[in-house]
Amino acid sequence: MAGTVVLEFPSEYRFLNIVDLVCGDVVQNLCDNRETANEIAISVIEAVTNAIEHGNCECSDQNVRIAFICREDRLCVEVEDCGKGFDYTCYLQNIPDPANVYHLRGRGIFIMKNMMDSLKFEMVPGHGMKVRLEKVLKPKAGGEIRKD
Amino acid sequence: MRIESREKDGIVILDLQGKLMGGPDAETFKATFHKLLEKGQKRVVVNLHGVDWINSTGMGILISGYTTMRRGGGDLRLLHVSDRIRSILYVTKLNLIFKCFDTEDEAVASFLDG
């Protein structure tokens, strides 16, 4: 399944469920490894949660846009918000430190970094933060990844 | 997120239904744990069987519940942790603080055995 699936929705947590359903369907068409599917779904939910919470500050008149870009051997997911951006670098390292294990927040970026093969942040001038997640996929059992 | 509370052998079991993802869930959870402590109910099993998925904000809610119960002299343990939730626990090392059980009997017995 090559192609792109795009969703755009207001910054409300209830839309996370739709994101999860669409993500599950897209991944199911590309790969049959349950662990990989879980890692992608978890990471996508984290990226969208960040966009709603930190990017758009839960402001429902600001949208989140997500694109699932399906390639032959990988899935790229781009999540864009309308916010001013934030310093993500400090979140990349500090969670497994036992001193931080009881912290209530700040795990999302760490989770994405550990579960995906690539994680990039980019400020889009005049728009907001774009997070790009990428996961290399193993072919589905019984053949190569389908290219419809 | 819907929370239903029941008791088994003196242990409180909270049956969760839905998604644990922040928003109003945090306040609902906080209030639930404080009410339990006020009533002297300090031993809690959180049953995640009905939880489709959880995000890191939801994980923070569970940590908050855990620390609230521990500070109150009690404990919080997890029941029916799905593969998806378990992988978040492992990557964040939270598996080191949450005790997880596959059956309700095991979870309840873990408190009764000391």
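A, B, ... follow the sequence lines: proteins, then strands. Residue 1 opens every chain.
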Straight-line distance of A/L16 CG to B/N55 CG, nearest 0.5 Å: 6.5 Å
Where at least one partner belongs to residues 31-52 of chain B, residue pairs that pass salt bridge (Lys or Arg N to Asp or Glu O under 4.0 Å), sequence neighbours excluded: B/K19-B/D52
Heavy-atom pair count under 4.5 Å with chain B, highest-scoring of A/T49, A/I42, A/I52: A/I42
Within one Ile-Leu-Val-Met-Phe-Trp-Tyr cluster: A/V136 and A/V131, side-chain cutoff 4.5 Å: no
Over 12 foreign heavy atoms within 6.0 Å of NZ, B/K30: no
Contacting moiety of B/I63, where chain A heavy atoms sit under 4.5 Å: both
Contacts of A/D61 that satisfy side-chain hydrogen bond (donor to acceptor under 3.5 Å, both in side chains) - sequence neighbours left out: none
Largest heavy-atom contact set with chain B, pairs under 4.5 Å, which of A/E58, A/R34, A/E39: A/R34
Shared hydrophobic cluster for B/I54 and B/Y90 (ILVMFWY, side-chain gaps under 4.5 Å): no
B/K93 side, atom NZ; A/R107 side, atom CZ - distance, nearest 0.5 Å: 12.5 Å
Value rounded to 0.5 Å, distance of CD in A/E35 from CG in B/D83: 9.0 Å
Path from B/V51 to B/F98 over hydrophobic side-chain contacts below 4.5 Å: yes
OG1 on B/T57 to OH on A/Y13, rounded to 0.5 Å: 6.0 Å
Minimum side-chain heavy-atom gap B/R84-A/I45 below 4.5 Å: yes
Joint hydrophobic cluster, A/L133 plus A/F121, side-chain heavy atoms closer than 4.5 Å: yes
Which portion of B/T67 sits near chain A, non-hydrogen atoms under 4.5 angstrom: side chain
Segment of A/A37 engaging chain B (4.5 angstrom heavy-atom cut-off): neither
A/N38 versus B/S87, side-chain donor and acceptor atoms under 3.5 Å: no
Shared hydrophobic cluster for A/V64 and A/L7 (ILVMFWY, side-chain gaps under 4.5 Å): yes
Part of A/N17 lying under 4.5 Å from any heavy atom of chain B: both
